[in-house]
Every structure is written in C-alpha cells, then in structure tokens.
Amino acid sequence: MTVDTAVTSASGTAADTELVQLLTPEGERVPHEHYDTLIDDITADEIRDLYRDLTMSRRIDSEAIALQRQGELGLWASLLGQEAAQVGSARALRPQDHVFPTYREHGVAWCRGVDPAQLLGLFRGVDQGSWDPKENNFHLYTIVIGAQTLHATGYAMGVQRDGAIGTGDPERDAAVLAYFGDGATSQGDVNEAFIWAGVNNAPVVFFCQNNQWAISEPLERQTRVPLYRRAHGFGFPGLRVDGNDVLACLAVSREALQRARDGEGPSLIEAFTYRMGAHTTSDDASRYRLDSELESWRLKDPVERVKAYMTREKMADQAFFDGVEAEAEQLAEHLRTTCRSMPDPHPTTIFDHVYVDTPPTLRAQQEEMARYLDSFVDEKEAQ
Amino acid sequence: MTVDTAVTSASGTAADTELVQLLTPEGERVPHEHYDTLIDDITADEIRDLYRDLTMSRRIDSEAIALQRQGELGLWASLLGQEAAQVGSARALRPQDHVFPTYREHGVAWCRGVDPAQLLGLFRGVDQGSWDPKENNFHLYTIVIGAQTLHATGYAMGVQRDGAIGTGDPERDAAVLAYFGDGATSQGDVNEAFIWAGVNNAPVVFFCQNNQWAISEPLERQTRVPLYRRAHGFGFPGLRVDGNDVLACLAVSREALQRARDGEGPSLIEAFTYRMGAHTTSDDASRYRLDSELESWRLKDPVERVKAYMTREKMADQAFFDGVEAEAEQLAEHLRTTCRSMPDPHPTTIFDHVYVDTPPTLRAQQEEMARYLDSFVDEKEAQ
Amino acid sequence: MTALTIAKSINAGLRRAMDADAKVLVMGEDVGRLGGVFRVTDGLQKDFGEDRVFDTPLAEAGIIGTAIGLALRGYRPVCEIQFDGFVFPGYDQIVSQVAKMHFRSGGRLRLPITIRIPYGGGIGAVEHHSESPEGYFAHTPGLKVVSCASPADAYWMIQQAIASDDPIIFFEPKRRYYEKAEFDLDQEPDLPLNASRVVAEGSDATLAAYGPMVKTCLEAATAATDDGRSLEVIDLRTLSPLDLEPVYASVRRTGRLVVVHEAQRTLGVGTEVAARVTEECFYSLEAPVVRVTGYDTPYPPARVEEDYLPDLDRVLDGVERALSY
Amino acid sequence: MTALTIAKSINAGLRRAMDADAKVLVMGEDVGRLGGVFRVTDGLQKDFGEDRVFDTPLAEAGIIGTAIGLALRGYRPVCEIQFDGFVFPGYDQIVSQVAKMHFRSGGRLRLPITIRIPYGGGIGAVEHHSESPEGYFAHTPGLKVVSCASPADAYWMIQQAIASDDPIIFFEPKRRYYEKAEFDLDQEPDLPLNASRVVAEGSDATLAAYGPMVKTCLEAATAATDDGRSLEVIDLRTLSPLDLEPVYASVRRTGRLVVVHEAQRTLGVGTEVAARVTEECFYSLEAPVVRVTGYDTPYPPARVEEDYLPDLDRVLDGVERALSY
Ligand SMILES: Cc1ncc(C[n+]2csc(CCOP(=O)(O)OP(=O)(O)O)c2C)c(N)n1
Ligand SMILES: Cc1ncc(C[n+]2csc(CCOP(=O)(O)OP(=O)(O)O)c2C)c(N)n1
Ligand SMILES: [Mg+2]
Ligand SMILES: [Mg+2]
C-alpha cells in the first residue's frame with residue numbers, strides 16, 4: 001500500500017510532529033510567527049495572574065492529597081504536572097463558554113470560579129458533585145471515561161441551534177470545551193463525539209491532556225501515532241501543544257475556541273504533558289514506571305518555567321511570589337476547614353433526587369428506611 | 001489553527017482523493033504503475049472466472065429478491081451494484097484467511113465456497129446462519145452494525161499469537177478480512193477495532209463498502225471527509241478504490257492482505273461503490289433518493305464493465321456468456337428448490353443451543369413447551 | 001373522534017409536542033426524510049425543519065450521549081432507537097448517564113429525554129429486531145419506563161413522556177403499530193403517565209400485561225367467557241415505577257394473577273409484579289402468580305416465534321393453571 | 001492447607017488455569033505490569049508473557065469484542081472489567097454477541113470467555129465503583145453468571161469458569177478480596193460451577209445470598225443464635241442458571257425465606273428467587289419471601305453507603321419480618 005505509511009511511535013519524532021511551544025522549560029520565550037499573535041495582548045499583570053492560577057491549582061491539589069492522607073477524603077485524583085494545560089486552556093474561555101471536565105480538572109474548576117472546596121465532596125464521599133454546573137458553566141466531573149465528550153458535543157449542537165455562534169457578538173458566541181485523557185481516546189464514545197462534531201460542524205474543542213499514562217498503561221497501549229492526528233480523519237484540525245507551557249496552551253486554545261465560536265467547527269488539541277503523581281491516591285505508580293521518566297519531566301515543570309520567565313523578564317519580585325504563596329496557604333486553610341466540617345448526608349436523602357417527580361413506590365422505600373433507622377433510636381431510648 | 005484544514009466533502013475531489021481504478025466504466029484497462037504489478041499474473045481464464053463470480057453473485061441476489069416477493073423469504077439485503085467490491089476482495093483471499101461479513105456479503109460467501117442456499121435460512125427465518133464458519137473460514141453474518149470488526153480484530157490477534165504471520169509460508173500466513181459499510185464507520189466499535197488493530201499491528205484488513213447510503217442516510221451524515229482517511233489517524237494505511245472495478249478491488253485487497261500476512265499490520269480499504277437497490281426488500285428508496293443518482297451509477301455497472309473489457313479484449317465469446325448465464329440459471333433453480341423445501345425448525349429446538357451445557361432449569365422449560373404443544377395434539381386426537 | 005393507528009397516533013403526539021414547545025427535538029437514524037423505518041416520524045422533518053428533526057450518524061451511544069448534551073442546554077430531545085436489539089450500544093449512556101445525572105447533581109440537572117424504542121416480536125423479522133429489553137431498563141433506578149397499548153394511550157403518553165422532566169424509556173409495541181382505534185384527540189387524558197389501568201373487568205382471575213400483550217389478553221378474556229370464565233385485564237402501562245395498586249385490588253378479589261409479557265421469563269418485569277403482588281396480597285392469593293412469557297432463550301428465528309411468544313392459548317393455559325392450582 | 005485471601009485465590013486459580021491450558025489468556029485494563037487495580041492478576045504477565053497477559057486499550061467494547069474474536073480462533077480469554085460500573089460500554093458485545101453466538105450458530109461456535117467483574121460496595125469508593133449489576137446479566141439467556149464468596153470457591157470457581165465452554169460472567173466480591181481462609185489447593189471441588197450450597201444449617205428461617213452478602217448472612221445467623229433463632233444460610237453461587245433445589249428443600253422445612261443482595265431491589269436477582277420459591281413452595285411458605293437489598297436508587301455517595309447496603313441488622317430485621325408475618 002502506498003498511502004501514508006504509519007508512523008510507529010505514539011510520541012512521534014521531531015520531524016513529523018510539530019509541538020507548539022512558546023516558553024521553553026528554562027522559561028525562555030520562543031517566538032512563533034502565528035501563535036504569538038494570539039497572545040500579544042497579554043500584559044505582565046495577566047502573566048502574573050496565570051502564575052497565580054498555576055500556583056493555586058497546585059496548592060489545591062497538594063492540600064487535597066494531604067486531606068486524603070489524613071482520612072478526610074476517600075480518594076483524590078492529582079493534577080500535578082498538568083497545571084499549565086488546565087490553566088492555559090481554561091483562561092482562553094469566555095464566561096458563556098461551557099466546559100465538560102473529567103475528574104482531574106481541578107485547575108479548570110479554579111479558573112471557572114468554582115469554589116475548590118466544592119470539589120472535595122465527591123472525593124470525600126458526601127456527594128457526587130456539589131457545584132451548580134450552570135453557575136460557572138462548568139459541568140460535573142464525569143468518571144466513566146470519555147462519556148462527557150458526547151455530552152459536550154450535544155451541548156455544542158444546542159449552542160448551534162440557539163444561534164449562539166458566528167454572530168460576531170463576543171458576549172454571545174459560545175464554544176464548548178471537552179477535556180479527556182490519552183486513555184480516553186480509545187473509547188468508542190470519544191470517537192463518536194469526533195464523528196458527531198465533524199458531521200455537524202459543532203462548536204466544540206476537544207482538549208486531550210496526554211499525560212502519557214492511563215493508570216499503568218503507557219501511551220503505546222492506546223496508539224502508535226500521535227493522538228492529534230486522529231482529528232484529520234474525522235475532518236477537523238488537530239495539533240499538539242506543549243502541555244507544560246501555559247502560554248502555548250492559552251494561544252492554541254484561544255484560536256480553537258474562537259474558531260468554534262465563529263462557526264468554523266471543532267478542533268482537537270493534544271496537550272503533551274505528564275502525570276507527575278500516581279493515577280490517584282489509591283495507585284502505586286512505582287509498580288509500572290521508572291523514576292527516571294519522572295525526573296526528566298520534572299525539568300519541564302509547568303509552574304517553575306513561568307516563574308523563571310517572570311524572573312528573567314522582571315515581571316515579578318519576591319514579594320509577589322510570597323504574596324501568591326500566602327494566598328495559596330489561605331486557600332489551603334479554607335479547604336481544610338471546609339472539608340472537615342462537611343457533614344455526612346442524611347441517609348434518607350438518597351431518595352430525594354432519583355427522579356424530579358418521585359414515585360410513591362420510592363417514597364415508600366424512603367419511609368421504610370426512615371422507620372428502620374428510627375427503630376434504633378427507639379431502641380436506644382428504650383434502654 | 002494551521003494544521004490540515006478539513007476537506008468538507010465526504011466524497012472528496014479529484015485533487016485530494018486518489019481513486020485506484022484499473023478498469024474504466026467502459027471496460028478499458030487503465031495502466032497503473034504500482035497496482036498493475038499486483039495483478040499481472042492474472043490470466044484470461046481468471047478474468048473469465050471473475051466474470052462468472054460477478055454474474056453468479058448477481059443471480060443469487062436477484063433470485064433471493066424474487067423468493068422474498070413470493071413470500072419464501074421474510075427479507076433480503078441486496079448486494080446489487082456491489083458485486084465487484086465483494087468478488088474482487090474475496091478473490092484476493094487464501095483459504096486460511098478468515099472473513100467477517102456484515103449481512104450483505106453474499107458475493108463473498110459465494111467466493112468462499114459457501115452454498116448460497118445456506119444464506120437463505122437467515123432471511124427465511126428458519127435459522128440465524130446455517131453454514132459452518134470454520135468450514136470455509138467465513139464467519140456468520142452480523143446484523144448489529146460494526147460489531148464484527150472487533151471480532152475480526154480479535155481473531156487477527158489470535159492469528160498473531162499462533163505465529164501464523166510473517167513466516168513466509170504462503171500456506172500458513174493468514175490474514176483476516178472484515179467487511180462493513182459506510183454507516184458502520186460511525187459506530188464506536190468500528191473505531192475501537194481500528195485502535196486495537198493499530199496498537200497490536202494485527203493482521204486485519206478493514207474493507208469498507210462505501211455504497212453511499214446507510215438506509216436513507218447519505219454519506220454526509222457519517223462524515224465530511226473521505227472515509228479512507230480515517231485510517232491514518234489510527235496509524236495505518238488507508239486508500240480508496242473504485243468499488244465497481246473488480247480488478248482494482250482485487251489488486252488493492254491482494255496488497256493489503258499480503259501486508260497483513262507478512263506481519264506489517266492492518267489497513268483500511270474504502271471501496272467506493274453504490275447500493276443500486278433499496279436497503280432491503282422492506283425499504284422504499286424512492287422516499288429519500290433521486291432516480292438520477294441511480295442512473296449515473298448504472299453507467300458504472302461492475303458486471304457490465306468486465307463484460308465490455310472481455311469483449312474488447314476478445315477474452316470471451318457469446319458461447320461463454322451463454323454458458324455462464326445457463327450456469328446462473330441452474331444456481332437459481334437450486335436456490336428456489338432448496339429454499340422452498342427448507343422446513344421450519346421444531347419449536348423445542350430453540351432450547352438446544354442456548355448453552356453448550358444446558359442447565360436443568362432450561363431443560364424444564366423445554367419440557368414445559370413440549371407438554372404444552374402435546375396438549376394440542378391430545379386435544380385433536382380426543383376430537 | 002378520529003380513527004388512528006398506534007404509529008400515526010405517536011406521530012400526531014410528537015407533532016403536537018413539537019408545536020407546543022420549540023425545544024422539542026426528534027433525532028435518530030433515518031427519522032428525517034424517511035420518517036423512520038416505521039414511518040412514526042413521517043413528515044416531521046418537512047414540517048419542523050432539519051434543525052429540529054435530524055438524522056444522526058449511525059451510532060446509538062452517540063445518539064443518547066449528544067441528546068444528554070442537548071438536554072443540558074435546555075432542549076427536550078426525543079431519540080428513536082431503530083429496533084429494540086440496537087439499544088445496547090447506547091446502554092452505557094442510558095444507565096450511567098441518563099439515569100444518574102439528576103441524582104449525581106443533587107437535583108440541579110434535569111434530563112427531559114424521551115427514548116423511543118419500537119419493541120417486541122411477531123413481525124417475522126431477523127435477529128435483534130424482535131426483542132423485549134424493557135427489563136434491563138426497569139431494573140435501573142432513575143429511569144421511568146412505559147409502554148403504550150392503544151392509539152389513544154400512544155397519543156397521550158408520548159406527549160406526557162416528552163413533558164416529563166424525568167427521562168422516559170418509551171416502548172412502542174411495533175407489531176401493533178397498524179392497529180386502529182377511534183379516540184378524541186382533544187379530550188385530555190384520564191391518567192397520568194405512570195399509572196396502570198383496568199381495561200376489562202372480571203372476577204375469576206386477573207391478567208396483567210403491557211404493550212403488545214394487552215390485546216392478546218383482551219382476546220383471551222373474550223374467549224374465556226365461552227368457558228364461563230370472567231377475567232379482569234389490567235394494562236400496566238408503566239413498568240418503572242410500577243403502579244400495582246389496581247392489580248392488588250383486583251387480586252384481592254380474584255385471588256389469582258397471570259402476568260404476561262413477551263420478554264424472557266427470568267427477571268422479566270412479570271417477576272417483579274409476581275414478587276410484589278405476593279408481598280402485598282399473600283393471604284388473598286389462591287395460587288402462585290403465573291408468568292406467561294417468552295422462554296429463557298435468545299429470541300428465536302422468525303419461523304418459530306409464534307411458539308416462543310405468548311398467545312391467546314398460552315394465556316388461557318396460564319389461567320387454567322392458576323385456577324386449578 | 002493454605003491460607004489465602006479471595007484475591008490471591010483467584011490469582012492462584014488463574015495461574016493454574018494458564019498452566020493447564022496454553023490457550024488461556026488474560027486481558028483487560030492494567031492487568032499486566034500493574035497486576036490489576038486489585039492485584040488479582042499480579043505477576044501473571046511476568047510469568048506467562050505479554051502475549052498471554054496483556055493490557056488492552058481503554059475501551060470495554062473493544063475488550064469484549066476482541067475476546068470474542070480470540071475465542072473464535074480457539075483461545076480462552078479471561079477479560080477483566082476494572083469495576084462493575086464500567087461494564088456497560090461493553091454491554092452490547094456481551095448481550096448481543098457473547099450471549100448469542102452459540103445460539104446463532106446452531107451450536108457450531110462456542111465462546112469460552114470468562115468476564116471477571118469486581119463488584120459491590122462497602123469500600124468507600126466514588127461513583128461507578130460500587131455497583132452490583134449482576135441482574136442485568138442474569139436476565140440475559142446465553143450467559144452464565146456466578147459469584148464466589150470464599151477463597152476456596154474463588155479458587156475453584158475461576159478455574160471451572162475458564163474450563164466452561166459457555167461464557168461466564170464472574171462476579172468477584174471486591175470488598176471481601178482480602179478475607180482469608182484456609183483450604184486445600186489440591187482437593188478437587190465438591191461442586192460443579194453452577195450449583196448452590198448450604199453454608200450453615202438452621203431450622204427457623206432460610207437466608208439466601210451470594211458474593212459479599214454471604215458473610216453478612218453467616219454473621220447474622222451467628223448473631224441470631226443469641227435470640228434462640230436458628231437460621232439456615234445458602235450461598236447461591238450461581239445466579240444464572242439459578243440452582244434453587246437446596247433453597248426449596250430448606251424453605252419446605254423453615255417456611256420462611258429472606259433473600260439478600262446489595263443490588264437494587266426491583267428486578268434484582270432476589271426477585272427471581274422470590275418468584276420461583278413462591279411457585280415451588282407455595283403451600284410451605286408461612287410468609288412472603290422477604291427481600292433485603294439495596295434500595296431503588298443509584299448507588300449513593302460513600303458516606304451513606306452503609307445505610308444503603310444490607311448489613312447484619314437489616315438481615316435480622318428481615319428475618320423478624322418473615323417470622324412475625
Ligand atoms: C469506562 C471506564 N473504564 C474504566 C475506568 C477506570 N479508569 C479510571 S481512570 C482510567 C485511566 C484514564 O486514563 P486517561 O484517559 O489517560 O486519563 P488520566 O487518568 O490519565 O487523566 C481508567 C482505566 C473508567 N473510569 N471508566
Ligand atoms: C447497532 C445497529 N443500529 C442500527 C441498525 C439498523 N440498521 C441496519 S442496516 C443500517 C444501515 C447500515 O448502513 P451501512 O453501514 O452503510 O451498510 P449498508 O447497509 O449500506 O451495506 C441500519 C441503521 C443495526 N443493524 N445495528
Ligand atoms: Mg492519561
Ligand atoms: Mg452503506
């Protein structure tokens with residue numbers, strides 16, 4: 001067969017894979033003919049804000065891990081290493097855009113204005129997502145891998161039907177941003193989302209955080225060619241960006257989201273990044289990956305590189321960094337106190353929202369449970 | 001976004017879509033630097049055999065339609081127009097290769113040596129596939145769209161594990177051929193099959209008969225870019241062939257199957273063809289498509305073009321054509337008599353093959369049914 | 001009064017729902033120009049446009065998954081699954097997303113989605129085209145599952161389903177699509193969506209059925225009068241939640257219940273009916289609840305389906321077993 | 001005698017099956033180097049190689065679908081579904097292909113596939129990680145569904161499942177994975193795969209359970225002796241086909257049955273048990289069969305799961321209800 005012989009490496013090689021990068025791991029700003037234009041309005045203030053977002057995201061994460069260790073949370077899925085991918089893409093959003101996250105987008109939640117303490121309930125086991133998705137246009141976490149990409153696409157089809165694309169009104173035109181991981185690209189649902197988006201030219205941006213691992217499975221178990229290429233076969237553009245470079249993530253996301261808002265259809269962004277921690281607090285990554293890999297990615301740290309950049313460019317002094325640190329500490333304190341004071345739900349509340357219109361048979365079960373629980377109180381009182 | 005802007009037509013244009021063709025609709029042999037080498041061993045005898053296969057396939061089809069009209073079959077899915085795609089690909093197979101068809105591959109079944117009368121049972125409603133898939137390495141028909149592509153891929157992974165690829169032994173090395181339609185490409189299963197095949201470099205050839213329609217839905221409802229391109233994003237080659245050109249289908253299938261047998265992995269062939277009939281005998285295509293479209297495809301008839309070629313090249317005379325016609329008539333007669341004499345299964349046989357090891361509870365239901373049926377006999381006898 | 005078939009009644013109901021609420025969408029395979037393989041959506045695309053009535057790519061997970069997104073955006077999608085046996089590729093989206101989104105969100109999100117499924121056998125079809133998968137949905141908390149049995153119910157229930165803020169799995173008795181009856185299109189329905197109904201009164205035994213088997217049971221009841229048997233027939237209409245009060249009341253009088261469905265017996269909806277009726281009417285029951293159902297095999301080839309499916313005789317046989325226990 | 005946990009017993013059983021038959025494969029997400037998230041496949045890839053124990057791409061339809069192909073080629077795949085709630089993307093391949101291939105082929109094709117599913121709650125997990133979907137499979141003709149409750153059964157049943165020429169859905173009680181017991185690895189099992197077993201004898205009432213609830217019922221039986229109650233406990237082991245002869249025999253003596261499972265009540269496996277026992281033991285039953293189960297809600301957040309799940313007290317409460325009916 002003569003056509004496009006397969007590249008047999010999922011990471012690709014320098015020759016065939018353009019990685020959009022605007023900030024080197026050392027914090028040097030690399031010029032880019034095209035993408036520079038997408039961020040040339042960014043002020044030093046905004047760079048500082050990005051740094052703050054990155055730091056706060058990381059602090060949310062480390063505090064949650066600590067809370068898990070202390071037994072306050074049952075589980076936590078760490079975003080460590082993926083801060084730039086999340087903050088860069090999320091800061092490209094407008095308020096009217098809608099986000100469909102996985103279970104790891106704590107940094108995106110932060111940028112959307114969700115109180116990070118609200119993220120904890122799900123991991124503590126007191127709820128399954130306590131924030132109002134409509135308040136910040138940030139949907140609930142989705143745990144079934146890939147399912148949310150179809151929801152995002154359908155939502156985008158709704159945006160289309162509402163006439164909220166291509167009007168040129170910056171406060172009206174809306175895009176949808178769907179997050180998912182490298183592992184998720186293997187799910188039928190995700191590929192069907194690509195198909196629906198392509199066929200309908202839906203205003204959705206697929207943002208794949210390729211953190212190189214799906215629990216213990218390296219990228220090679222999901223694909224033998226770079227993931228961003230998947231898009232072309234479905235009829236829309238795809239590209240790979242340095243997922244540890246917040247500026248590059250911001251630039252490519254701005255472009256893709258604007259494309260969507262303008263009615264030009266979907267795109268796929270593969271943010272090439274790394275899961276620095278274990279899959280979740282239940283996982284033991286030492287069973288399947290080498291420390292050396294982690295070490296090499298430590299040198300590409302997404303927060304450090306912005307700090308280096310800012311220092312190099314004299315955008316911030318120690319007082320600024322200390323200020324952010326102090327703010328992060330405050331946030332951590334907020335998380336600790338809020339988390340510890342989260343009450344367990346009353347058992348009979350599990351019947352309240354199975355349906356909007358609760359059937360009598362289910363009410364009867366609720367009463368059955370209530371009577372049963374009361375019988376212990378009675379017993380106790382009797383003693 | 002700068003990368004690969006989408007082509008927004010599912011059919012593609014001449015410029016961007018190479019269609020492999022070796023025989024024009026008028027029956028002229030067009031030379032092709034590469035693909036000629038794949039069929040240069042074909043003798044006039046073999047061309048005559050291909051013509052015979054095409055004619056027999058068409059005759060099976062027309063007879064089955066007639067049997068359906070007479071009430072002997074409940075349904076029939078016509079292959080009319082797709083004979084070349086089926087015969088060309090199937091004749092590229094070796095005996096040890098394995099085929100996973102949809103419900104329309106009657107021409108492939110013919111080429112594999114399945115008695116065409118055996119295809120009728122399913123459509124008559126007396127069985128769900130009565131041939132032995134192991135006998136001719138031709139799996140049962142699969143009705144759930146796309147499901148068989150995963151079976152094919154798994155089977156190919158088994159071939160790999162058996163060491164039956166890449167040995168160079170032409171009687172040992174085996175490939176798997178999976179058929180599916182244009183509509184099927186939207187199913188998650190088919191895309192997962194692409195992923196598994198890519199990741200495992202499995203010896204499977206995906207043969208998509210793009211007949212332009214999925215029941216009433218034109219290709220544009222499944223994709224906005226040519227389907228063969230899908231393969232590249234999954235890391236293997238894909239190409240489009242003139243699906244009404246038996247020689248071209250043979251050539252590209254030979255190459256792809258040999259690639260698989262050699263251990264070089266999967267490929268996707270998009271056979272660009274046309275469903276000349278309704279979706280099935282239950283369908284009324286006049287509700288959704290124009291006669292003019294059908295007319296334009298009639299000029300590309302896959303059987304006529306081989307006949308024209310043979311006549312032009314003096315490979316066959318009228319006696320030959322009459323002979324094939326007579327043989328086809330005999331086959332039709334065989335179909336008619338076999339079909340009409342196919343007995344209904346005895347009702348209690350439905351319990352026999354639910355399990356290899358039938359549980360007593362199910363045997364009890366079988367006895368319950370038998371007793372119940374007997375009660376009518378008793379009643380009758382009592383009268 | 002208008003005489004309509006069940007298929008046409010659903011069409012009319014869809015039409016009325018779309019007229020009443022611009023957020024109602026119809027989506028699925030071949031629902032557009034073709035009007036669906038059973039023509040239930042006939043003419044809707046022409047009248048309401050391609051934005052509101054649209055052919056989707058061929059994938060059921062995609063249909064349900066994008067309907068969820070549309071619902072989250074404020075639409076009320078009506079999804080057609082072409083045949084019963086093809087709902088399973090969309091099953092994950094139904095049981096893990098559609099059924100749970102309201103619960104997951106603590107009541108904040110609603111998914112007013114109607115999933116229409118033509119179901120059941122008796123039409124001489126090939127594999128996967130004659131199944132009765134309602135049990136798989138009735139076992140799933142968060143879904144409401146209904147089935148209509150008459151043109152009037154078809155007309156009203158589809159509108160009630162679309163108006164419901166809970167997701168509804170709407171099972172349509174495909175072999176009864178072309179049965180016709182007169183009813184008044186404007187007379188408001190006498191029952192809410194999730195309620196069962198006595199469709200024939202009787203005193204010797206109770207028959208409970210839904211969808212395609214309601215007619216079979218009514219015929220059985222008529223036939224039984226020849227033998228001097230008076231059978232009460234209840235159309236369950238709602239399979240989840242079940243509304244068994246009318247069944248309890250009936251069984252307390254008759255002492256005998258035969259529950260009838262096409263689906264396989266084990267863990268079919270009739271099993272739940274049997275268990276609950278036994279719990280509620282233990283001392284009234286003169287015999288165990290009899291289940292007259294499909295057998296525990298895959299749906300068989302068409303030429304034996306008449307023996308697989310309950311028919312008038314098998315229903316009466318069940319009644320005899322209940323009466324002679 | 002060796003003391004092993006349930007998890008280690010399954011591991012040992014897999015190992016023995018792989019030793020005995022080179023066609024046995026282990027496949028799924030993270031089953032290779034990681035040894036599965038519960039370490040049930042720990043060390044197998046190291047010992048049997050990457051061709052026989054392999055990590056698949058992340059998609060359950062793909063896992064089941066390719067396992068079908070491998071089985072058609074002569075292999076005996078053992079698929080791991082990582083958690084109960086993630087089986088649904090593979091559901092279509094299971095119910096429409098795995099369950100029906102043998103039937104479809106008129107007995108010519110066999111699919112000796114074992115699908116392992118760690119299931120059930122009580123481990124404080126997030127959504128989709130604590131469900132009990134066995135009812136969805138027990139309702140499906142063509143599948144055999146089993147669940148083990150002890151290390152010895154875990155060890156033998158997994159081997160019997162792999163040796164079976166019928167597809168087996170193998171439910172593993174994940175919250176009991178680390179419970180240990182002594183047994184003799186070489187003593188042949190006393191029961192075939194699809195058989196239930198009396199695990200404690202008693203005379204006042206019968207408890208029927210499976211998987212994680214067997215232990216709960218045994219504890220309840222022990223606790224009940226304090227009140228002078230003698231409870232018989234039956235481990236069903238096989239959920240489809242059900243083997244209820246031991247239950248019938250027991251109920252004929254005790255007159256009372258409490259069936260216990262974690263899954264939601266409506267159309268849970270206990271419903272079928274209740275219906276059949278009522279059919280078979282109508283005149284022996286002193287009270288309707290009591291179902292002590294999860295409620296008809298989605299599985300709730302972890303901090304309330306103890307109230308959702310049947311525990312010793314709820315089982316005893318069920319027994320009281322049966323006895324005082
Ligand atoms: C359908 C489904 N199957 C399996 C799982 C279990 N699981 C949770 S996370 C995960 C890996 C996901 O990998 P990836 O998509 O790369 O996202 P990441 O966790 O790396 O962010 C798996 C297999 C699941 N949640 N859903
Ligand atoms: C999962 C599933 N959904 C729906 C159907 C109903 N159906 C049968 S054939 C068909 C169209 C298939 O189109 P395509 O894949 O192009 O194959 P063709 O019939 O054109 O050969 C549909 C929707 C099905 N068989 N399976
Ligand atoms: Mg990942
Ligand atoms: Mg087609």
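The chains referred to below are lettered A, B, ... by the order of the sequence lines, with proteins before strands, and numbering in each begins at 1.
- Pairing each heavy atom of C/H128 with each of D/S96, the nearest pair is CE1-O, 3.9 Å.
- Taking the centre of each ring, C/Y283 and D/Y325 come in below the 6.0 Å mark.
- At a 4.5 Å heavy-atom cutoff, D/S240 makes no contact with chain C through either its backbone or its side chain.
- Of the possible donor and acceptor atoms, one in the side chain of D/Q264 sits under 3.5 Å from a partner among the backbone N and O of C/H139.
- Using a 4.5 Å cut-off between heavy atoms, D/R265 touches chain C through its backbone atoms (N, CA, C, O) alone.
- Between the side chains of D/R276 and C/T266, a donor-acceptor pair is found at a separation under 3.5 Å.
- Taking CD of C/E272 as the reference point, atom CD of D/E272 lies at 11.0 Å (rounded to 0.5 Å).
- Looking only at heavy-atom pairs under 4.5 Å with chain C, the residue among D/D296, D/T297, D/T271 that has the most is D/T271.
- With a 4.5 angstrom heavy-atom cutoff, C/E131 touches chain D only via side-chain atoms.
- The CZ atom of C/F103 sits 8.0 Å away from the CD atom of D/E127 when rounded to the nearest 0.5 Å.
- Within the model, atoms CZ of C/F88 and OH of D/Y91 stand 6.0 Å from one another, a figure rounded to the nearest 0.5 Å.
- The heavy-atom pair separating D/A275 from C/A274 by the smallest distance is CB-CB, 4.5 Å.
- Neither the backbone nor the side chain of D/I94 comes within contact range of chain C; no heavy atom of the residue lies under 4.5 Å from a heavy atom of that chain.
- To the nearest 0.5 angstrom, C/E60 atom CD is 8.0 Å from D/D92 atom CG.
- For D/F137, no part lies near chain C; criterion is any non-hydrogen pair under 4.5 Å.
- Summarising the geometry, atom OG1 belonging to C/T278 is positioned 7.5 Å from atom CZ belonging to D/F282; distances are rounded to the nearest 0.5 Å.
- Only the side chain of C/V95 comes within contact range of chain D, with heavy atoms under 4.5 Å apart.
- Under the 4.5 Å side-chain criterion, counting only non-hydrogen atoms from C-beta, D/L267 is not in contact with C/Y136.
- Contact count against chain D (heavy-atom pairs under 4.5 Å) is highest for C/G268 among C/G270, C/G268, C/G85, C/P133.
- The most heavy-atom pairs under 4.5 Å with chain C, out of D/G142, D/P301, D/A138, come from D/A138.
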